Amino acid sequence: MSVYLLPSNFFQDEINRGRTGHYYRSVIPGYGQVTWQLLGYAPPVPPNTSGIVSLNLVLPNGSVQFMQVSNVDIIGAQYLGPTLPTPTPLPAPTPPPRPPYCSFMWWLPECQGPGSGGIGGGFGGGFGGFGGSRGNIGVPRNCRCACVTPVYYYR
């Protein structure tokens, strides 16, 4: 990652553009990459060479924390806009595929679970077939499905 120091007039220029209250993403030493809201800027008073930026730091839980930072401590600035962007939720993880032999060996532990088919199930193998249901016919003793009551046959 290359370090991009902001020009000394960056914050005053942003305020002059009417971007007070707008959001940015930058790196601040000690905080890492952060999202923040620009509130104000106090330019340097000689003999000082750095000004003070007033900002709301957006915390990971969505709350904000007011802080004042030297303008030389803010590294880079990505403009995000007048409203805080909403994070895109991650898609739900997909379950691992069932082994191909589960269509005819449905009683194995790795073949159990939602949508596992078998006798009385749908989309799977065994006697269930595509969406079919044959009730409780011949369900094995180790069936953990709450919707099927086992029927036992004795010789």
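Not measured: the values here are computed from a predicted model.
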| query | Between Tyr23 and Pro82, is any pair of side-chain heavy atoms under 4.5 Å apart? | reply |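 Side-chain contact under 4.5 Å: no.
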
| Quick one: does Leu38's side chain get under 4.5 Å of Val53's, heavy atoms only? |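 Contact flag for Leu38/Val53 side chains = yes.
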
So, using side-chain contact (heavy atoms from CB on, under 4.5 Å) as the criterion, who are the partners of [X] when residues are at least two apart?
| X | result |
| --- | --- |
| Pro46 | none |
| Pro7 | Tyr4, Asn9, Phe10 |
| Ser50 | Ser70, Asn71, Val72 |

Go through the structure and list residues passing side-chain hydrogen bond (donor to acceptor under 3.5 Å, both in side chains) with [X], not counting sequence neighbours.
| X | value |
| --- | --- |
| Thr49 | none |
| Asn16 | Gln12 |
| Tyr31 | none |

| task | Applying side-chain contact (heavy atoms from CB on, under 4.5 Å), run through Ile28 and Ile75 and close with a yes or a no. | result | CA-CA 6 Å; Ile28 298 177; Ile75 303 169; over 6 Å; no

| query | Could you state the interatomic distance from CG (Leu6) to CG (Asp73), rounded to the nearest 0.5 Å? | reply |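 So the gap between those two atoms works out to 11.0 Å.
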
| How long is the gap from CG on Leu55 to CG on Leu39, to the nearest 0.5 Å? |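 Result: 6.5 Å between the selected atoms.
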
| Tyr41: ring pair (Phe, Tyr, Trp, His ring centres under 6.0 Å) partners, not counting sequence neighbours |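 Per chain and number, Tyr41 pairs via ring pair (Phe, Tyr, Trp, His ring centres under 6.0 Å) with Phe11.
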
| request: Quick one: list whatever passes ring pair (Phe, Tyr, Trp, His ring centres under 6.0 Å) with Tyr79, sequence neighbours left out. | output: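 If we apply the ring pair (Phe, Tyr, Trp, His ring centres under 6.0 Å) test to Tyr79, skipping adjacent residues, the hits are His22, Tyr24.
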
| request: List the atom of Tyr101, the atom of Cys111, and the distance in Å for their closest heavy-atom pair. | output: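 Minimum heavy-atom separation between Tyr101 and Cys111: CE1-SG, 4.1 Å.
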
| request: Provide the closest heavy-atom pair for Gln68 versus Ile52 in the form atom of the first, atom of the second, distance. | output: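 Answer, listing the atom of Gln68 first, then Ile52: CB-CG2, 3.6 Å.
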
| field | Check: Ile74 main-chain N/O paired with Ser26 side-chain donor or acceptor under 3.5 Å | value |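 Absent.
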
Which pairs of donor and acceptor atoms, one on a side chain in residues 56-66, lie under 3.5 Å apart (sequence neighbours left out)?
from  : atom 1 : to    : atom 2 : distance (Å)
Asn56 : ND2    : Gln37 : OE1    : 3.1
Asn61 : OD1    : Ser63 : N      : 3.0
Asn61 : OD1    : Ser63 : OG     : 2.7

| query | Taking only residues two or more places apart in sequence, or in another chain, which ones meet Arg25 in a salt bridge (Lys or Arg N to Asp or Glu O under 4.0 Å)? | reply |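 Not a single residue meets the salt bridge (Lys or Arg N to Asp or Glu O under 4.0 Å) criterion with Arg25.
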
